[in-house]
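Please read these numbers as outputs of a predicted model, since none were measured by experiment. The sequence lines fix the lettering, A, B, ..., with proteins before strands; numbering per chain opens at 1.
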Amino acid sequence: MRALFELPSPDGQPAVLASDADSRPRRPQLDPEALVAGLNGPQRDAVTHAGSPLLIVAGAGSGKTRVLTHRIAYLLAARDVHPGQVIAITFTNKAAGEMKERVAALVGNRARLMWVSTFHSACVRILRAEHDHAGLKSTFSIYDADDSRRLMQLVARELDLDPKRHPARGLATQVSNLKNELVDPETFAARAKGPMERAVAEAYTLYQRRLKEAHALDFDDLIMTTVHLFQSHPHVAENYRRRFRHVLVDEYQDTNHAQYQLIKELVSGTEGLEPAELCVVGDADQSIYAFRGATIRNILEFERDYKDARTIMLEQNYRSTQTILNAANAVISRNPSRKPKRLWSDQGAGESIVGYVADTEHAEADWVAREIDRLTDDTDARPGDVAVFYRTNAQSRVFEEVFIRVGLPYKVVGGVRFYERREVRDALAYLRAIVNDDDTVSIRRIMNTPRRGIGDRAEGAVEALSSRDRISFGAAMRRAADAPGISSRAVNGIGDFVALLEGLRELSETAPPEEVLEATLTRSGYLAELEESTDPQDAGRVENLQELVSVAREFTERVEGNDEQATLAGFLEQVALVADADQIPSDDPDHQGVVTLMTLHTAKGLEFPIVFLTGLEDGVFPHMRALGDNNELEEERRLAYVGITRARQRLYLSRAVTRSAWGAPSYNPTSRFIAELPEELVRWERTEGSYTSWSGTGGGVGNRGGSGASGGAARGGGFSGGTPKAAALAQRLGIDGSKLSTASELRQAAPKVAVGDRVNHQRYGLGRVLAVEGQGPSARAQIDFGDQTMWLVLRHAPVEKI
DNA sequence: GCTCACCTATTTTTT
DNA sequence: ATAGGTGAGC
């Protein structure tokens, strides 16, 4: 573990300080004036302001990254701060890497001595260094959300909780929230009211006990345990306070309570020690992580939390055209109780925002692909300049299908992540079991993978033995033969498994991670099973495992390049903390010419010349689950704000009138966010009018012209003027689009319904056929749509059997 | 104890 | 659509 980090020595002083001071010039040659040249007034203030605490309210695209990196460089260059005294907290590992690089570009290699990382990585670093104070083994496992859910499943089963009332996922979420609030199990149990809360309290208590026994920490524990460590061991806290004289936090609006407390601990003064200089940067309008405990109050109340705070607002946007900013401002200004802030740009109006209403999500994707194609032909845009955003990961599929079909190169960031694939998780579970014999969740995951004749019964017998004799699950496996009621076959299987782990553990003491991984995959028979399989999916799994081996090899090379030893634990830590979205190098030449697909959440902090914001439908974006709740709706609106402000030059907004959600198509109304845009900002290339025309209920194709100067209602319906050219285009698209074929399919399929069939009506949604009468063209069906029952002539009704 | 076939609920968003 | 859970049959 030590290999990865420069740790503070036991007295808390960074070991690097002394030698560094001796061997390097204290004062770099960089001229502080040159550093701030080219910054505008507020930016320059934000960089040079000496004193604490400092809140930088940075609007989207206001050069926040530049200000932060320059501020750090300024500390080092002009204010004689040692890099070892700086800790900067970023939101993602990728942001940390970039920040470190940029600072290094300004002040040179000594920037390496700063701590720049996410909250989670910083806490792991501290906990590894202080593991004995924190009551941890040095090789604790880190559980991600999926591991937590699995453990919670075991816990819920053990407590005999009804899975309907208390699904493991829900329990895990509630427990996570409690941890973010720094509420421990006892406190919560004491105040728990009603059976629901008491069940959560029980689950929380047992869950924590099981984590402890497994020498594992989940993501929330990493923060919470560090806070508790500082609170219960003041001398440990003091060491870090003495060390870190400058604390900088990016994306402060996305901090949760535990992270807030951690910062407080870090920057509070002690006897004879001034508080550290704190600088936080954020934008309340870009807070989009409340669902995982982030609380916007931290930034709104900064001035109350920290006396004498200075606030600097960065309101000039350097990223987007005024048109795009106007749209963003219009949307976000609908959030009540928001501190007013108005971004402005001097880049001129730029291109109009382009809107498009497609009939289906396929047509929407077709249009996006076609438009990207047109842009790359007609302008100097490259595919790499384009990003396509959507609300949920599932929406990426249809874009992928279309992009593959038309040969448009793309990459999906996030989504079904590499590290979440079953085979990768299995392999990592082996590695964790090797490193940490007590990691019950990992051991139980792989003890019968591949099959060794160890079933649920045997697993239960071992578990019973472990709780009866109060030994760990791993220790109980070694004495499997003593387990009451276990079959001899299972005992043999467990024996093989234990021996396998032993051998691998021994290997891991000398071999680098990639060799241990390869040995694991071959010796366990995991790889052989996949290779022999006839399931075509399994070939892909083999490739993923090869990829994982390469990741391990790269890790080893990188660590050894720093003259440190690559350990298995270190590799696992990297894998646990580094999301693979972080690993996509933005300047990788392979990705230069590639369209980027990602969720709006992933898009935070990025920018693209051309942005497609898709799926703008009530129920999709804003998401269905947010519709009933004003707070959540505000968060969705902030998400829209984030999405819009990612665009530099061109912004496209699109939606689909019908969209297949989990199999069945559904009719979606326009997103309210579209209605919130000033209509002169958007030129609609195609409107819903084009859609209704083919079904016979609407007016002229795309020619609803003039549109609603009269206002909201019409625009809300998606009607807006289209140029004749746009109308012609719309008609052409309507005709070639996959939609029209669907329309004719609908008409042919309609007469075939029978009583009891489930059907979907384009307007009324899902229904069930109650009765059918008549034959051929005159056939009618009585359909129950839930809120109403009606007789429809099948030949004319846009009904589809599902 | 394992495998297959069927059933169901499930989808926000992520360090 | 699809993963995960349940139950029957081997």
Trainee: Applying a 4.0 Å non-hydrogen cut-off, can you work out what A458(A) is touching in the nucleic acid: base, sugar-phosphate, or nothing?
Mentor: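 The residue A458(A) makes sugar-phosphate contact but no base contact.
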
Trainee: For residues 454-465 of chain A, which residue pairs qualify under side-chain hydrogen bond (donor to acceptor under 3.5 Å, both in side chains), counting only residues two or more places apart or in two chains?
Mentor: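 Checked against side-chain hydrogen bond (donor to acceptor under 3.5 Å, both in side chains) - neighbours excluded - the pairs reaching residues 454-465 of chain A are R444(A)-E459(A), R444(A)-E463(A).
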
Trainee: Quick one: is dG1(B) close enough that its OP1 or OP2 comes under 4.0 Å of any side-chain N or O from R457(A)?
Mentor: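 So the side-chain polar atoms of R457(A) do come within 4.0 Å of the phosphate oxygens OP1 or OP2 of dG1(B), strictly under.
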
Trainee: Is there a donor in the side chain of Q574(A) and an acceptor in the side chain of R558(A), or the other way round, less than 3.5 Å apart?
Mentor: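 Checked: Q574(A)/R558(A) side chains pair up, N/O donor to acceptor below 3.5 Å.
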
Trainee: Please report, rounded to the nearest Å, how far the P atom of dT13(B) is from the CZ atom of R637(A).
Mentor: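 In whole Å, dT13(B) P lies 21 Å from R637(A) CZ.
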
Trainee: If the condition is side-chain contact (heavy atoms from CB on, under 4.5 Å), which residues does A476(A) pass it with, not counting sequence neighbours?
Mentor: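 A476(A) satisfies side-chain contact (heavy atoms from CB on, under 4.5 Å) with V462(A), L465(A), S466(A), I471(A) once adjacent residues are dropped.
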
Trainee: Can you tell me how far C1' of dA3(C) sits from CG of N393(A), to the nearest Å?
Mentor: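 Rounding to the nearest Å, CG of N393(A) and C1' of dA3(C) are 16 Å apart.
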
Trainee: Quiz question: by atom type and distance under 3.5 Å, do the side chains of E400(A) and Y410(A) form a donor-acceptor pair?
Mentor: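 Their side chains do contain a donor-acceptor pair, which is all the 3.5 Å distance test asks for.
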
Trainee: Identify whether any heavy atom of Y289(A) sits under 4.0 Å from a base atom; if not, whether one sits that close to sugar-phosphate; answer base, sugar-phosphate or nothing.
Mentor: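 Sugar-phosphate only.
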
Trainee: Between N448(A) and dG1(B), does any side-chain N or O lie under 4.0 Å from OP1 or OP2?
Mentor: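 Checking dG1(B) against N448(A), no side-chain N or O comes under 4.0 Å of OP1 or OP2.
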
Trainee: With heavy atoms under 4.0 Å as the rule, sort L222(A) into base, sugar-phosphate or nothing.
Mentor: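 If one applies the 4.0 Å heavy-atom cut-off, L222(A) turns out to touch nothing in the nucleic acid.
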
Trainee: If the plane angle is over 60° it's perpendicular, under 30° parallel, otherwise tilted; pick one for F399(A) and Y390(A).
Mentor: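 Rings of F399(A) and Y390(A): parallel, as their planes differ by under 30°.
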
Trainee: With respect to the side chain of F219(A), which nucleotide from dT15(B), dT11(B), dT13(B) is positioned closest?
Mentor: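 Taking heavy atoms from C-beta onward, the closest nucleotide is dT15(B).
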
Trainee: If only side-chain N and O atoms count, and only distance matters, is there a donor-acceptor pair under 3.5 Å linking Q261(A) with Q259(A)?
Mentor: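 No, because no side-chain N or O of Q259(A) sits under 3.5 Å from a partner of the opposite role on Q261(A).
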
Trainee: Under 4.0 Å between a side-chain N or O of N256(A) and OP1 or OP2 of dT15(B)?
Mentor: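 For dT15(B), neither OP1 nor OP2 has a side-chain N or O of N256(A) closer than 4.0 Å.
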
Trainee: From CG of L600(A) over to C1' of dT14(B), roughly how many Å is that when rounded to an integer?
Mentor: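 Rounded to whole Å, this separation is 14 Å.
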
Trainee: I need the CD-C1' distance between E632(A) and dT13(B), as an integer number of Å.
Mentor: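 Taking CD of E632(A) and C1' of dT13(B), I get 11 Å after rounding.
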
Trainee: Examine dT14(B): is either OP1 or OP2 under 4.0 Å from a nitrogen or oxygen in the side chain of T602(A)? Give yes or no.
Mentor: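 Result: yes.
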
Trainee: Can you tell me which nucleotide in dA1(C), dT13(B), dT15(B) comes closest to the side chain of R397(A)?
Mentor: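 The answer is dA1(C).
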
Trainee: Would you tell me whether D439(A) and S141(A) have side-chain atoms, one donor and one acceptor, within less than 3.5 Å of each other?
Mentor: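 Per modelled atom types, D439(A) and S141(A) side chains form a pair under 3.5 Å.
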
Trainee: Rounded to the nearest Å, what distance is computed from the CG atom of residue L577(A) to the C1' atom of nucleotide dT14(B)?
Mentor: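 So the two atoms are 13 Å apart, to the nearest Å.
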
Trainee: Between T90(A) and R452(A), which residue's closest nucleotide on DNA chain B lies nearer the 5′ terminus?
Mentor: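 The residue closer to the strand's 5' end, by nearest nucleotide, is R452(A).
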
Trainee: By the 4.0 Å heavy-atom rule, please label E459(A) as base, sugar-phosphate, or nothing.
Mentor: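 E459(A): no heavy atom of the nucleic acid under 4.0 Å.
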
Trainee: Heavy atoms from C-beta onward define the side chain here; which of dT13(B), dT11(B), dT15(B) lies closest to that of R292(A)?
Mentor: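 Of the options given, the side chain of R292(A) lies nearest dT15(B).
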
Trainee: Within this structure, what is the CG-to-C1' distance between L217(A) and dT15(B), rounded to whole angstrom?
Mentor: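 One finds 15 Å between C1' of dT15(B) and CG of L217(A), rounded.
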
Trainee: Closest to the H120(A) side chain: dT15(B), dT13(B), dT11(B)?
Mentor: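 Closest of the options to the side chain of H120(A): dT15(B).
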
Trainee: DNA chain B: G453(A) or P167(A), which has the more 5' nearest nucleotide?
Mentor: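 Comparing both residues, the 5'-ward one is G453(A).
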
Trainee: Please give, in whole Å, the distance from dA3(C) P to R425(A) CZ?
Mentor: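 So the CZ-P distance, R425(A) to dA3(C), works out to 15 Å.
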
Trainee: Do any N or O atoms of the protein come closer than 3.5 Å to N or O atoms of nucleotides 3-6 of chain B, and which pairs are they?
Mentor:
| residue | atom | partner | partner atom | Å |
| --- | --- | --- | --- | --- |
| dT3(B) | OP1 | R451(A) | NE | 3.2 |
| dT3(B) | OP2 | R451(A) | NE | 2.2 |
| dT3(B) | OP2 | R451(A) | NH2 | 3.3 |

Trainee: Is there a donor-acceptor pair closer than 3.5 Å between any side-chain N or O of N668(A) and the backbone N or O of G619(A)?
Mentor: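 Side chain of N668(A) to backbone of G619(A), a donor-acceptor pair under 3.5 Å: no, none is there.
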
Trainee: Quick one: R169(A) CZ to dT11(B) C1', roughly how many Å, whole number?
Mentor: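 Interatomic distance, CZ of R169(A) to C1' of dT11(B): 9 Å.
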
